[in-house]
Participant: 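The structure's right below; bear with me while I get my questions together.
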Amino acid sequence: MKVLVTGGAGYIGSTVCNALLDRGHFPIVLDNFSLGKRDFVRQHTCYEGDTADHALLARIFADHPEIRVIIHCAALIVVPESTEDPSRYYHENVAKSLGLFDFVRDRGGLAVVFSSSASIYATVEGFRVTEDAPLAPASPYARTKYMMEMVLADFCAAYDMRGLALRYFNPIGADPELRSGMHLAEPSHVLSKLVNAALGVEQEFCITGTDWPTRDGTGIRDYIHIWDLARAHVLAAEYLHGDSNLSAAQREHAREPYQVINLGTGNGVTVRELCAAFQEVWDGDVPIIEGPPRPGDAAGAFADTTRARERLGWQAELSTADAIRSELQWRERRKELLGY
Ligand SMILES: NC(=O)c1ccc[n+]([C@@H]2O[C@H](COP(=O)([O-])OP(=O)(O)OC[C@H]3O[C@@H](n4cnc5c(N)ncnc54)[C@H](O)[C@@H]3O)[C@@H](O)[C@H]2O)c1
């Protein structure tokens with residue numbers, strides 16, 4: 001099966017491409033390399049350009065008319081940046097996704113897997129969220145994801161196309177063969193910051209917020225190994241493509257014009273628990289301090305994963321400790337591959 005992956009040179013898109021390749025599929029990357037890495041896509045067929053470029057999309061489909069599924073990962077993703085410059089985020093994430101969806105509408109018969117985010121959920125009691133939980137996107141970034149979910153739902157109701165929004169929780173770790181991983185030199189993700197503190201790149205790790213209404217006062221998240229997340233995309237593409245291994249119930253669901261599925265482990269992990277898991281894996285001291293929450297922080301959420309199990313036949317298999325080990329290995333590899 002040929003699958004077009006926008007943003008396929010980024011952290012998540014490149015790992016999805018590797019997972020597709022390992023399952024015998026044929027990923028085709030579309031990336032403008034604004035942030036993506038050429039070293040991540042050397043083994044894949046790749047087109048350089050923008051998701052809203054209809055001439056380029058037409059060329060890709062002329063070269064690969066068999067494509068039935070597009071995995072749309074391309075977006076800008078830094079929350080504080082989106083608050084400082086919302087115009088850029090609405091142009092890149094909303095206007096350009098709309099351009100892509102217009103192309104999909106015109107071509108007909110395609111399915112779109114959309115990279116959405118758990119950051120659109122409101123905080124709920126107990127922190128476990130199903131796909132029907134209330135939404136309250138708290139930043140311009142999260143609102144771009146929320147908007148494009150609505151646009152995709154409306155397009156799929158009106159036109160000859162299907163949509164699947166995958167709401168990712170907190171991806172961590174790297175490709176198991178270390179072909180790709182988190183590429184930002186200064187990522188804001190909590191595990192990257194823990195690694196920085198362990199390696200002495202940063203002086204210490206700060207737990208931001210210790211007064212949340214969670215079991216130990218620190219924020220709760222659902223950390224999912226990027227490889228589990230990538231595997232879910234392969235299953236999602238096969239599901240939308242109508243793979244022969246699907247059950248009758250899965251086939252029935254796959255025909256729905258638009259659906260939303262959470263991708264998480266189903267386990268909430270607090271920042272203190274993540275620190276403890278890190279200390280178990282890391283053979284050395286990590287200086288940890290405590291501070292106030294950052295603007296826009298929330299207590300957090302973790303996924304109810306029933307729907308992913310039922311519809312995709314998927315559940316996370318790797319542990320937080322696996323992901324921490326993977327992240328540490330990637331740091332070594334990143335130096336060789338990307339030079340920093
Ligand atoms: N990383 C996370 O924690 C996380 C969590 C939830 C959802 N997501 C979503 O997953 C997707 C991928 O995130 P990521 O972490 O891999 O980010 P990333 O920055 O590593 O990857 C994004 C890729 O898209 C490319 N790109 C951006 N705009 C483009 C455009 N207009 N045309 C073509 N290419 C473009 C970039 O060059 C980059 O390669 C995003 O849609 C993001 O919103 C990420």
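Start at 1 and go down the list; that is how both ligands and their atoms are numbered.
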Participant: Does Ile77 reach ligand 1 with a nitrogen or oxygen that is under 3.5 Å from one of the ligand's nitrogen or oxygen atoms?
Facilitator: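 There is no such contact.
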
Participant: Below 3.5 angstrom, do we get any N/O pair linking Ser117 and ligand 1?
Facilitator: no

Participant: Under 3.5 Å, N or O to N or O, is Ile12 touching ligand 1 that way?
Facilitator: yes

Participant: Quick check: Thr51 and ligand 1, any N/O pair under 3.5 Å apart?
Facilitator: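 Among all N and O atoms of Thr51, at least one is under 3.5 Å from an N or O of ligand 1.
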
Participant: Hey, looking at atom 5 (C) of ligand 1, which of Gly10, Gly8, Ser14, Pro171 has the closest heavy atom?
Facilitator: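 Shortest heavy-atom distance from atom 5 (C) of ligand 1: Pro171.
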
Participant: Just to be sure I read this right, does ligand 1 sit under 4.0 Å from the backbone of Lys145, its side chain, both, or neither, counting only heavy atoms?
Facilitator: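 It is the side chain that touches ligand 1; the backbone stays farther off.
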
Participant: Looking only at protein heavy atoms, identify the closest one to atom 10 (O) of ligand 1 and say how far it is in Å.
Facilitator: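 The closest one turns out to be Tyr168 CE1, 3.3 Å.
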
Participant: Give the residue and atom name of whichever protein heavy atom lies nearest to atom 12 (C) of ligand 1, and the separation in Å to one decimal.
Facilitator: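 Looking at atom 12 (C) of ligand 1, the protein heavy atom closest to it is Cys73 O, 3.4 Å.
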
Participant: State the atoms of ligand 1, each with its element, that fall below the 4.0 Å cut-off from a heavy-atom position in Lys96.
Facilitator: 31 (N)

Participant: Hey, which atoms in ligand 1 end up nearer than 4.0 Å to a heavy atom of Gly36?
Facilitator: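 Once the distances to Gly36 are compared, the set is 36 (C), 37 (O), 38 (C), 39 (O).
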
Participant: Using modelled atom types only, decide if a donor and an acceptor are shared between the side chain of Thr214 and the backbone of Ile220 within a distance under 3.5 Å.
Facilitator: no

Participant: Would you mind listing which atoms of ligand 1 come within a distance below 4.0 Å of any non-hydrogen atom of His189?
Facilitator: 1 (N), 2 (C), 3 (O)

Participant: Should you measure from each heavy atom of Gly49, which atoms of ligand 1 turn up under 4.0 Å away?
Facilitator: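 Per the distance check, 32 (N), 33 (C).
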
Participant: Kindly indicate whether the side chain of Ile71, heavy atoms from C-beta on, has any atom under 4.5 Å from the side chain of Val3.
Facilitator: yes

Participant: Can you tell which part of His183 has a heavy atom less than 4.0 Å from ligand 1: side chain, backbone, both or neither?
Facilitator: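 Under 4.0 Å from ligand 1, His183 contributes side-chain atoms alone.
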
Participant: What's the spacing between Ile12 CD1 and Cys17 SG if we round to 0.5 Å?
Facilitator: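 Separation between the atoms: 12.0 Å.
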
Participant: Do Arg128's NZ or CZ and the ring of Phe302 fall within the cation-pi criteria of under 6.0 Å and 45°?
Facilitator: no

Participant: Give the atoms of ligand 1, by number and element, whose distance to some non-hydrogen atom of Ala9 is under 4.0 Å.
Facilitator: 39 (O)

Participant: Set out, in order, the CA-CA distance, both residues' side-chain angles and the distance that settles side chain to side chain donor-acceptor pair (under 3.5 Å) for Thr15 and Asp175, then state yes or no.
Facilitator: CA-CA 6 Å; Thr15 319; Asp175 176 279; 5.5 Å; no

Participant: With hydrophobic residues grouped by side-chain heavy-atom distances under 4.5 Å, do Leu191 and Leu328 end up in a single group?
Facilitator: yes

Participant: Go through it in stages, so that I can follow the logic: the residues are Lys193 and Glu202, the test is salt bridge (charged side-chain N to carboxylate O under 4.0 Å, His left out), and I'd like the CA-CA distance, side-chain angles, deciding distance and then a yes or no.
Facilitator: CA-CA 8 Å; Lys193 287 189 159 292; Glu202 283 172 42; 3.7 Å; yes

Participant: Measure the shortest side-chain to side-chain distance between Arg231 and Glu317 over non-hydrogen atoms and say whether it is less than 4.5 angstrom.
Facilitator: yes

Participant: Ignoring hydrogens, just give me the one of Asp50, Ile71, Asp31 whose non-hydrogen atom is nearest atom 31 (N) of ligand 1.
Facilitator: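 Going through Asp50, Ile71, Asp31 one by one, Asp50 has the nearest heavy atom to atom 31 (N) of ligand 1.
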
Participant: Would you check whether Ser116 has a nitrogen or oxygen atom less than 3.5 angstrom from a nitrogen or oxygen atom of ligand 1?
Facilitator: no

Participant: Go through ligand 1 atom by atom and flag the ones less than 4.0 Å from a non-hydrogen atom of Glu92.
Facilitator: 31 (N)

Participant: Which of the numbered atoms in ligand 1 are below 4.0 angstrom from a heavy atom of Gly7?
Facilitator: 23 (C), 24 (O), 25 (C)

Participant: Which ligand 1 atoms does Phe33 reach within 4.0 Å, using its non-hydrogen atoms?
Facilitator: 37 (O)

Participant: Examine Arg38 relative to Phe33 and say whether NZ or CZ is less than 6.0 Å from the centre of the six-membered ring and inside a 45° cone about the ring axis.
Facilitator: yes

Participant: With a 4.5 Å heavy-atom cut-off, do Leu194 and Trp282 have their side chains touching?
Facilitator: no

Participant: Around atom 22 (C) of ligand 1, find the nearest protein heavy atom and jot down its residue, atom name and distance.
Facilitator: Ala75 O, 3.7 Å

Participant: Hey, does Ala74 come in under 3.5 Å of ligand 1, counting only N/O atoms on both sides?
Facilitator: no

Participant: Just distances here: any N/O of Tyr11 and N/O of ligand 1 closer than 3.5 Å?
Facilitator: yes

Participant: Under 3.5 Å, N or O to N or O, is Leu76 touching ligand 1 that way?
Facilitator: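 In this structure, Leu76 places no N or O atom under 3.5 Å from an N or O of ligand 1.
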
Participant: Where the side chain of Ser82 meets the backbone of Tyr141, is there a donor-acceptor pair that is under 3.5 Å apart?
Facilitator: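 Judged by distance alone, yes, a pair lies under 3.5 Å.
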
Participant: Closer than 3.5 angstrom, by distance alone: can the side chain of Asn262 be matched with the main-chain N or O of Ala303 as a donor-acceptor pair?
Facilitator: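 Answer holds: no.
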
Participant: Decide side chain to side chain donor-acceptor pair (under 3.5 Å) for Arg331 and Asn196; before the verdict, give the C-alpha distance in whole Å, the side-chain angles of both, and the deciding distance to 0.1 Å.
Facilitator: CA-CA 10 Å; Arg331 275 305 180 95; Asn196 280 351; 2.8 Å; yes

Participant: Under 6.0 Å between ring centres: does that hold for His233 and Tyr168?
Facilitator: yes

Participant: Determine whether the side chain, the backbone, both or neither of Tyr141 has a heavy atom under 4.0 Å from any heavy atom of ligand 1.
Facilitator: side chain

Participant: Just so I know, are the side chains of Ser180 and Lys37 near enough to count as touching, which here means a heavy-atom distance under 4.5 Å?
Facilitator: no

Participant: Quick one: which of Asn32, Asn93, Val41 has a heavy atom closest to atom 28 (N) of ligand 1?
Facilitator: Asn32

